[in-house]
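So the structure is just underneath, and the comments pick up after that.
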2 protein chains.
Amino acid sequence: MAARPRIKDVAEYAGVSPKTVSNVINNFEHVSERTRTAVQEAIDALGYRVNIAGRQLRQGRTGVITLAVPELDVAYFAELAKHVMAEAGRQGRTVLIHQTGAVREGELAALHGFDAQFCDGVLLSPLSLLPRDLATRDRRMPVVLLGERSAGAGTDHVGIDNVRAAREATEHLLARGRRRIAVVGGAVLGRQGTDRLRTDGYREAVEAAGLPFSTDLVVPVDAYHWRDGARATARLLEREPAADALLCLNDHLALGALRALHEHGRSVPGDFDVVGFDDIEASRFSVPTLTTVAPDKQEIARAAVSLLLRRIDEPDADAPRDHVAGHRLVIRESTGG
Amino acid sequence: MAARPRIKDVAEYAGVSPKTVSNVINNFEHVSERTRTAVQEAIDALGYRVNIAGRQLRQGRTGVITLAVPELDVAYFAELAKHVMAEAGRQGRTVLIHQTGAVREGELAALHGFDAQFCDGVLLSPLSLLPRDLATRDRRMPVVLLGERSAGAGTDHVGIDNVRAAREATEHLLARGRRRIAVVGGAVLGRQGTDRLRTDGYREAVEAAGLPFSTDLVVPVDAYHWRDGARATARLLEREPAADALLCLNDHLALGALRALHEHGRSVPGDFDVVGFDDIEASRFSVPTLTTVAPDKQEIARAAVSLLLRRIDEPDADAPRDHVAGHRLVIRESTGG
DNA sequence: CATGAGATTTACATCGATGTAAATACGTCG
DNA sequence: CGACGTATTTACATCGATGTAAATCTCATG
């Protein structure tokens with residue numbers, strides 16, 4: 001069990017200086033073919049691998065980017081993580097996954113904390129971060145925001161057109177004759193968060209249809225899990241027995257809602273329609289299957305990684321960009337599809 | 001936007017030597033109260049944070065452990081990750097999450113690859129790793145295996161009693177009068193993997209009930225997702241119309257199976273019983289809710305982290321340990337509960 | 001007041017890789 | 001053949017933190 005070889009060992013084996021080995025590793029152009037071959041053979045023979053701590057100490061780069069999401073057990077983030085890892089791999093980068101727990105400290109930790117030291121930049125899906133949190137970051141960590149944009153106007157951002165997506169989903173429900181549509185997870189006041197934007201889109205559609213917008217139909221939730229959807233829906237059914245459709249701000253909420261509707265003897269899509277957001281795998285296999293807004297996760301991952309790499313290479317290259325990724329409404333059984 | 005302060009800056013600010021600052025940071029005992037306070041104030045005033053690259057280079061430790069799982073979009077792993085992060089946090093460690101993609105290269109990468117350099121040890125949930133892959137690791141990376149044990153007899157391991165759990169679940173189905181129970185995701189031959197162990201437990205229960213064990217009722221799957229469960233169940237229903245229950249080796253398979261049964265007009269638990277493994281959140285809200293084997297995820301996380309930290313501190317302390325975590329069968333609607 | 005044990009602090013070297021700048025090798029041309 | 005420009009290679013310093021060992025300080029005791 002020999003100690004791990006260092007660059008110096010490779011150099012001795014190949015009969016060159018350590019710096020020459022370094023030059024080979026980093027593809028420096030002025031290395032003769034003979035030397036390059038000899039060094040490569042030495043590397044293979046000794047099983048040498050560059051020590052990142054040494055490299056990072058010297059040049060401050062690690063080749064690692066962090067993906068910071070609120071919770072991995074929200075399937076959307078797990079699925080997004082897969083796409084991000086694939087895309088980063090294609091670009092020769094490694095992805096470190098960080099869970100923020102949807103709290104501000106966790107999000108700050110992704111930017112300044114312990115984890116942040118391993119990486120060159122962060123893809124952050126913020127929920128509680130405030131604009132000033134981004135403004136005050138001292139060591140200017142390259143950041144790309146995912147989804148939520150409200151935290152930082154001065155930062156690159158990737159997301160879908162939430163207002164339009166929610167409006168389209170609501171129009172679909174209206175076209176099916178639904179008239180009392182509730183928004184599970186919705187928000188009326190406060191920051192221009194994803195929840196607020198989607199609620200705005202819902203409101204546009206409802207009012208365009210000549211119906212009143214009522215906050216009684218906007219049901220807030222604590223988190224975006226099955227249990228929250230079930231709980232919120234149960235509450236709603238008591239308060240608003242005449243409701244006939246739900247626009248749920250993610251698929252977990254929608255799936256939990258399906259459960260609550262089932263328990264209250266409402267049939268979907270007979271008595272009730274349900275729409276979700278995210279198009280996670282579960283929505284294609286639930287009973288009934290779920291109509292949902294499908295963001296183009298691959299496009300989001302691609303855009304996010306490439307924006308971040310650009311920002312890492314040239315921190316102040318140009319003005320922050322906002323990439324609006326595509327989405328489509330996938331119609332399934334929960335709205336009669 | 002000042003440059004990030006170094007230990008030297010703190011030392012100058014506090015009027016002591018860099019080493020003294022280091023002593024304070026590392027809680028060296030022989031530091032006078034006065035000095036400690038002064039240094040702490042300097043640290044706070046400058047916003048100093050230790051640079052991990054420097055520390056790692058010097059002492060070879062990072063305080064980071066890796067959790068390497070096959071796929072994050074399998075909810076069990078996402079939920080386990082939460083517990084592991086919580087427990088590691090309690091022990092002052094950071095968790096880096098690595099996805100192996102359920103392929104051998106990915107699992108090897110967690111042990112030897114790029115990511116491995118950031119961490120002091122690995123919690124690995126292996127699927128394809130061979131015993132020799134663990135045996136040949138050169139730099140002896142501390143490893144604790146989760147779930148699957150077949151890869152390494154000489155390695156610490158945490159898991160549940162898979163044979164007993166599967167036997168109990170099968171006994172439950174038998175007690176409800178089911179007679180042709182299929183195993184979705186099961187395996188008869190090959191390594192003593194989790195799938196094999198659970199199939200063995202199933203077999204024990206079936207044979208103890210005086211029923212024949214038939215490989216016709218063992219349905220292999222490619223992966224452990226909803227789609228695989230749905231596909232395998234559809235196939236089974238064609239081949240074995242008389243089947244009356246399913247033991248699915250994880251909850252996603254079971255939930256996909258529920259969908260396929262629904263499409264084939266079988267009612268659960270009327271005509272058919274279904275049991276899963278893992279007790280993910282979805283199993284508490286599906287229609288019907290899912291009877292499942294619930295491993296004690298918190299116990300698994302705790303045991304795994306503490307075994308790993310022990311192994312990191314004293315690599316050859318003692319013989320490899322095998323922690324068998326608790327589990328219980330949670331009976332829900334899919335078996336009439 | 002000198003002495004020595006123990007407490008506290010410090011100088012210096014080092015971990016591994018790479019930037020800088022200088023040294024050496026190679027080729028071409030007058 | 002010598003000089004000069006370009007290509008290759010190398011010596012050395014450095015990134016930031018900490019182990020080692022030595023220096024300095026403190027204080028009780030003879």
Side-chain angles (χ1 to χ4, degrees), chain A residues 2-43 46-64 112 114 116-120 138-139, chain B residues 2-43 46-64 114 116-120 138-139 313:
Chain A
R4 194 177 151 155
R6 296 156 300 165
I7 210 169
K8 196 175 139 212
D9 303 317
V10 176
E12 280 168 12
Y13 188 101
V16 298
S17 77
K19 177 61 182 171
T20 297
V21 176
S22 171
N23 285 338
V24 170
I25 295 169
N26 292 284
N27 284 314
F28 179 61
E29 62 179 334
H30 296 304
V31 177
S32 71
E33 205 44 56
R34 263 171 45 97
T35 309
R36 190 179 297 276
T37 310
V39 169
Q40 194 55 56
E41 276 168 10
I43 287 175
L46 298 176
Y48 170 79
R49 313 199 51 137
V50 35
N51 175 318
I52 305 185
R55 169 179 289 179
Q56 179 181 11
L57 188 55
R58 194 68 238 281
Q59 55 178 207
R61 287 282 186 86
T62 60
V64 173
H112 310 288
F114 198 76
Q117 296 202 25
F118 296 108
C119 72
D120 301 336
D138 42 7
R139 175 171 79 117
Chain B
R4 195 178 152 152
R6 297 155 300 164
I7 211 169
K8 196 176 139 212
D9 303 316
V10 176
E12 282 168 13
Y13 188 102
V16 299
S17 77
K19 175 63 182 170
T20 297
V21 176
S22 171
N23 286 339
V24 170
I25 294 169
N26 292 284
N27 284 315
F28 180 60
E29 61 179 334
H30 296 304
V31 176
S32 71
E33 205 44 56
R34 262 169 46 94
T35 309
R36 190 179 297 277
T37 309
V39 169
Q40 194 56 55
E41 276 168 11
I43 288 175
L46 299 177
Y48 170 78
R49 313 201 51 140
V50 25
N51 175 317
I52 305 183
R55 169 179 290 178
Q56 179 180 10
L57 187 55
R58 193 63 184 80
Q59 57 180 20
R61 288 280 185 87
T62 60
V64 173
F114 197 77
Q117 295 202 26
F118 296 107
C119 72
D120 302 336
D138 41 7
R139 173 171 80 119
D313 287 336

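Residue numbering restarts at 1 for every chain, and letters A, B, ... go by the order of the sequence lines. All values below were derived from every heavy atom in this structure, side-chain atoms included, with hydrogens, water molecules and symmetry-related copies excluded.
In terms of heavy-atom proximity, A53(A) sits nearest to L57(B) at CB-N, 4.1 Å. Of all heavy-atom pairs spanning P18(A) and A11(A), the tightest one is N-CB, 3.5 Å. Y48(B) and P5(B) get closest at one heavy-atom pair: CD1-O, 3.4 Å. Pairing each heavy atom of V31(A) with each of R36(A), the nearest pair is CB-NH2, 3.5 Å.
Straight-line distance from the NE2 atom of H30(B) to the C1' atom of dA5(C): 12 Å, rounded to whole Å. Rounded to whole Å, the distance from CG on L57(A) to C1' on dT14(D) is 8 Å. Note: CZ (R61(B)) to P (dT18(D)) measures 13 Å, nearest angstrom. Between the CZ atom of R49(A) and the P atom of dA17(C) there is a distance of 12 Å, given to the nearest Å. Computed from coordinates, the D9(B) CG to dG16(D) C1' distance equals 11 Å when rounded to whole Å. Following rounding to the nearest Å, K8(A) (NZ) and dT10(D) (P) show an atom-to-atom distance of 15 Å. For the pair N27(A) CG and dG19(C) C1', the interatomic distance rounds to 17 Å; values are reported in whole Å. If you measure from atom CD of E12(A) to atom P of dG16(C), you get 13 Å, rounded to the nearest angstrom.
Residue N26(B) is classed as a sugar-phosphate contact, given heavy-atom separations below 4.0 Å to backbone atoms only. When heavy atoms are screened at a 4.0 angstrom cut-off, V31(A) is found touching the sugar-phosphate backbone but no base atom. Backbone-only contact: V50(B) has heavy atoms under 4.0 Å from sugar-phosphate atoms and none from a base. Among the protein residues, F28(A) comes within range of the nucleic acid bases, having at least one heavy atom under 4.0 Å from a base atom.
Of the candidates I25(A), T20(A), I43(A), I43(A) is the only one forming a side-chain contact (heavy atoms from CB on, under 4.5 Å) with V10(A).
Although no hydrogens or angles enter the test, the distance criterion places no donor-acceptor pair under 3.5 Å between the side chain of N26(B) and the main chain of F28(B). No side-chain donor-acceptor contact under 3.5 Å links R49(B) to the backbone of R4(B).
Between the side chain of R55(B) and the base of dT18(D), no donor-acceptor pair under 3.5 Å is found. With hydrogens and angles left out, the side chain of K19(A) and the base of dG19(C) share a donor-acceptor pair within 3.5 Å.
For dT8(C), the OP1/OP2 oxygens have no side-chain nitrogen or oxygen of T20(B) closer than 4.0 Å. Taking side-chain N and O atoms only, Q56(B) has no distance below 4.0 Å to OP1 or OP2 of dA17(D). Listed pair S32(B) / dA7(C) fails the phosphate criterion, with no side-chain N or O lying under 4.0 Å from OP1 or OP2. Considering only side-chain N and O atoms, Q59(B) lies under 4.0 angstrom from the phosphate OP1 or OP2 of dG19(D). Side-chain nitrogen and oxygen atoms of R6(A) include at least one within less than 4.0 Å of the OP1 or OP2 phosphate oxygen of dG16(C). For dT9(C), one of the phosphate oxygens OP1 or OP2 lies less than 4.0 angstrom from a side-chain nitrogen or oxygen of T35(B).
Direction change of the helix axis from one end of the helix from dC1(C)-dG30(D) to dG30(C)-dC1(D) to the other is 60°, with five pairs defining each end axis (rounded to 10°).
Mapping R58(B) and N23(B) onto DNA chain C by nearest heavy atom places N23(B) at the nucleotide closer to the 5' end.
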(message) Run N23(A) and V39(A) through side-chain contact (heavy atoms from CB on, under 4.5 Å) and show every step you take.
(response) CA-CA 10 Å; N23(A) 285 338; V39(A) 169; over 6 Å; no
